[in-house]
Trainee: 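What follows is a single structure, and I will ask about it in a moment.
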Amino acid sequence: MNATDDDASARFGAAGPARFTRIDIDTRHTRVTTGIDSAPDATLNPVLGSLATAERFFKHEPPAPHELESAIDAVEDEVMRARWMIPPGSALVAAGAALHEFGRAAGVTEAEGVATIEAVERLFQRLASASLGDPMARRGLPTGNRFVATALILREFMHHLGFTSITFPERAG
């Protein structure tokens, strides 16, 4: 058991088993692990890494609108492969440096530790506005298309798999 497992168990309850889905977006793959309490029971590694997605779809920085649309279509298809493994009532938990960078950019504080789907959508909309030519849209956000890819993957994952929030464990990242 690692620190992320401990944090997920502590956050989601002493009042019975806590179902979790942990997502870690690295450069080449996204690791999705589900389980109850700290015991994982299923893992999937979709080919959706931040760098892999950025290299495959984004030829411009920021990505052009058609590049974002192509990436969204492909990521959506890959995310849907994980649908079978998501337990009902599962809490989404972030793991890894890329998502913790995203959490900081989305304004997640250690005290809260949670970002809603609305906060994820707002940040992604800023990135989409930048792709349409708004130079102020990315102000204060991390640079580079890997960050855009991370935001896109998380947004599609939450949207299509029905997650309303994501928790960022305090000691991770």
Trainee: Give every donor-acceptor pair under 3.5 Å between a side-chain atom in residues 79-89 and any protein atom, sequence neighbours left out.
Mentor:
residue	atom	partner	partner atom	Å
R81	NH1	E78	OE2	2.3
R83	NH2	H160	O	2.6
W84	NE1	R81	O	2.9

Trainee: Judged by modelled atom types alone, do T34 and T21 share a side-chain donor-acceptor pair under 3.5 Å?
Mentor: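 On atom types as modelled, these side chains do not qualify, holding no pair under 3.5 Å.
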Trainee: E76: which residues meet the salt bridge (Lys or Arg N to Asp or Glu O under 4.0 Å) condition with it, sequence neighbours left out?
Mentor: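 Once residues adjacent in sequence are excluded, E76 has no partner under the salt bridge (Lys or Arg N to Asp or Glu O under 4.0 Å) criterion.
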Trainee: Are more than 12 heavy atoms from other residues, nucleotides or ligands located less than 6.0 Å from atom CZ of R138?
Mentor: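 Atom CZ in R138 is packed in, count exceeds 12.
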Trainee: Are the side chains of I166 and V114 in contact, using a 4.5 Å heavy-atom criterion?
Mentor: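 When only atoms from C-beta onward are counted, I166 and V114 do not touch, as no gap falls below 4.5 Å.
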Trainee: Looking at every heavy atom in both A151 and L123, which two are closest together, and how far apart are they?
Mentor: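 Closest pair (atom of A151, atom of L123, distance): CB-CD2, 4.4 Å.
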Trainee: Nearest 0.5 angstrom please: I25 CD1 to H100 NE2, how far?
Mentor: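 It is 11.0 Å, given to the nearest 0.5 Å.
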Trainee: Tell me, please, which residues at least two apart from R122 pass side-chain contact (heavy atoms from CB on, under 4.5 Å).
Mentor: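 In terms of side-chain contact (heavy atoms from CB on, under 4.5 Å), with neighbours along the sequence ignored, R122 is linked to E118, A119.
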Trainee: Just to verify, what does T164 make a side-chain contact (heavy atoms from CB on, under 4.5 Å) with, not counting sequence neighbours?
Mentor: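 Partners of T164 under the side-chain contact (heavy atoms from CB on, under 4.5 Å) test: none.
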Trainee: For R56, I'd like to know if atom CZ has over 12 heavy atoms of other residues, nucleotides or ligands within 6.0 Å.
Mentor: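 Result for CZ/R56: open.
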Trainee: Would you tabulate the side-chain donor-acceptor contacts of residues 62-72 under 3.5 Å, counting partners in other chains and residues two or more places apart, or write 'none'?
Mentor:
residue	atom	partner	partner atom	Å
E67	OE1	K59	N	3.3
E67	OE1	H60	N	3.4
E67	OE1	A64	N	2.9
E67	OE2	K59	N	3.1
E67	OE2	H60	ND1	2.6
S70	OG	H66	O	3.1

Trainee: Once rounded to the nearest 0.5 Å, what's the spacing between atom CZ of R28 and atom OG1 of T53?
Mentor: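 These two atoms lie 9.5 Å from each other.
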Trainee: Applying ring-ring contact (aromatic ring centres under 6.0 Å, His included), name anything that partners F124, two or more places apart in sequence or on another chain.
Mentor: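 So F124 forms no ring-ring contact (aromatic ring centres under 6.0 Å, His included) with any residue.
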